[in-house]
Protein chains: 2
Amino acid sequence: MKNLKDILEYAGIKPTIERLSILRYLDSKHDHPTAAMIFNEIETKIPTISKTTVYNSLKLFIDNGIVTPLYITGSEVRYDFATKPHHHFFCEKCGKIYDLIIDCPYMKKTKIQGHQIKQRHGYFRGICKNCLEKEEKAQS
Amino acid sequence: MKNLKDILEYAGIKPTIERLSILRYLDSKHDHPTAAMIFNEIETKIPTISKTTVYNSLKLFIDNGIVTPLYITGSEVRYDFATKPHHHFFCEKCGKIYDLIIDCPYMKKTKIQGHQIKQRHGYFRGICKNCLEKEEKAQS
DNA sequence: TTATAAATTTGTAATGAGTTCAAATATGAA
DNA sequence: TTCATATTTGAACTCATTACAAATTTATAA
Ligand SMILES: [Mn+2]
Ligand SMILES: [Mn+2]
Ligand SMILES: [Zn+2]
Ligand SMILES: [Zn+2]
């Protein structure tokens with residue numbers, strides 16, 4: 001399962017140009033874009049694309065476990081082309097979301113205190129390395 | 001620092017009836033209500049309360065570290081009268097958010113890969129114990 | 001091919017949580 | 001009381017997301 005077309009077909013999703021384009025964007029950038037960011041980017045290549053199609057496609061991907069929605073910022077959903085679960089760091093200053101590869105003992109659990117677990121989310125919030133360095137420079 | 005009035009005063013927040021009422025609700029129920037749920041509840045006691053006051057107060061509490069906003073459901077913010085950081089379990093079926101007291105090694109960290117951490121969030125998503133039992137009964 | 005059905009995309013309108021803002025009200029000091 | 005300041009209120013607004021029906025594309029069968 002190398003290429004994106006295969007991933008969609010394997011999930012029973014017809015790989016239309018729109019859907020492929022959205023998935024390709026998620027795969028290439030691997031930032032954690034909003035629906036608006038995705039729409040704006042795709043629009044430059046497929047000028048007729050509809051915002052609704054972006055939302056429809058993302059929902060389809062999510063329902064099939066291909067994409068994970070991140071509810072971190074509180075203002076809009078960020079989308080992650082997830083291979084395996086991982087932690088995130090959200091910078092309150094620049095809004096960037098970083099992947100954190102840390103091995104947390106609770107990321108494998110499938111049951112906790114009788115509750116059946118389907119998804120695990122761990123994230124931190126603060127000021128990212130980049131923004132910290134900028135602050136330092138500004139003070140010197 | 002036992003009672004709610006003291007908590008507010010200690011934070012430099014004037015303990016008005018509205019603010020105290022909101023905090024009292026968060027403290028008594030300890031579910032993780034939405035702003036709408038809080039508004040509806042307070043309204044029965046203070047019929048003149050405004051939705052804006054609820055949002056204003058919650059923002060004030062958040063800015064002073066008295067309350068933590070939870071971005072978990074994706075549709076609305078849930079509010080937690082946080083004493084110490086802890087994990088959560090969100091039930092996709094009934095919408096309930098449970099506290100999970102598990103000791104995760106990453107909940108104490110203040111810096112990761114150069115990023116300065118201000119908040120730590122860990123939560124799981126799935127079907128809660130209660131809803132699982134209901135399902136079982138329905139099948140027998 | 002042609003006809004027809006099903007799937008997909010599109011655009012517009014609606015939804016709803018949260019915010020803005022200025023007027024009204026309450027509080028507190030002089 | 002008078003005046004300034006803090007708080008509350010309600011209406012209007014924003015904006016991400018959803019609903020929905022029409023238009024278009026794609027698949028299937030005759
Ligand atoms: Mn990620
Ligand atoms: Mn909690
Ligand atoms: Zn940053
Ligand atoms: Zn449940």
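Residue numbers begin at 1 in each chain, while the letters A, B, ... track the order of the sequences. The basis for the numbers below is simple: all heavy atoms, side chains too, and nothing from hydrogens, waters or symmetry mates.
- A donor-acceptor contact shorter than 3.5 Å links the side chain of Arg19(B) to the backbone of Lys14(B).
- Side chain of Asn3(A) to backbone of Lys5(A): a donor-acceptor contact under 3.5 angstrom is found.
- If you take CD1 of Ile42(A) and C1' of dT8(C), they are 16 Å apart, rounded to a whole angstrom.
- Protein atom CG of Leu8(A) is 17 Å distant from nucleotide atom P of dA7(C), rounded to whole Å.
- Between the CD1 atom of Ile17(B) and the P atom of dT27(C) there is a distance of 7 Å, rounded to whole Å.
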Report task. Report the C-alpha separation of Tyr123(B) and Leu70(B) in whole Å, then their side-chain angles, then the decisive distance to 0.1 Å, and conclude whether the side chain to side chain contact (heavy atoms under 4.5 Å, CB included) test is met. Result -> CA-CA 10 Å; Tyr123(B) 70 91; Leu70(B) 302 182; over 6 Å; no

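- Atom CZ of Phe39(B) is separated from atom C1' of dG16(C) by 15 Å (rounded to the nearest Å).
- Closest to the Ser50(A) side chain, of the nucleotides dT9(C), dG11(C), dG18(C), is dG11(C).
- Side-chain contact check for Leu8(B) versus Phe61(B): some heavy-atom pair is nearer than 4.5 Å.
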Requested in this report: Apply side chain to side chain contact (heavy atoms under 4.5 Å, CB included) to the pair Ile127(A) and Lys118(B), showing each step before the final yes or no.
Outcome: CA-CA 8 Å; Ile127(A) 312 289; Lys118(B) 289 184 180 174; 3.9 Å; yes

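- Rounding to the nearest 0.5 Å gives a distance of 10.0 Å between CD of Gln119(A) and CE of Met107(A).
- What separates CD1 of Ile49(B) from P of dT25(C) is a distance of 16 Å, to the nearest Å.
- Under the 30°/60° scheme for interplanar angles, the aromatic rings of His32(B) and His86(B) are found to be tilted.
- Rounded to whole Å, the distance from CG on Leu20(A) to C1' on dT8(C) is 14 Å.
- The CZ atom of Arg19(A) sits 4 Å away from the P atom of dT9(C) (whole-angstrom rounding).
- Residue Ser75(B) has no polar side-chain atom (N or O) positioned under 4.0 Å from OP1 or OP2 of dA17(C).
- Taking a 4.0 Å limit (strictly below) on heavy-atom distances, residues 52-70 of chain A reaches DNA chain C at Thr52(A), Thr53(A), Asn56(A).
- Ring orientation note: the planes of His115(A) and Phe89(B) are close to parallel, at an angle under 30° on the 30°/60° scale.
- Using cut-offs of 30° and 60° for the angle between ring planes, the Phe81(B) and His30(B) rings count as parallel.
- Of all nucleotides in DNA chain D having an atom under 4.0 Å from a heavy atom of chain B, the first and last in 5' to 3' order are dT7(D) to dA11(D).
- Residue contacts for Thr48(B): at a heavy-atom cut-off of 4.0 Å it reaches the sugar-phosphate backbone alone, with no base atom in range.
- A residue-by-residue look at Gly74(B) and Lys14(B) shows that Lys14(B) has its nearest nucleotide of DNA chain D further toward the 5' end.
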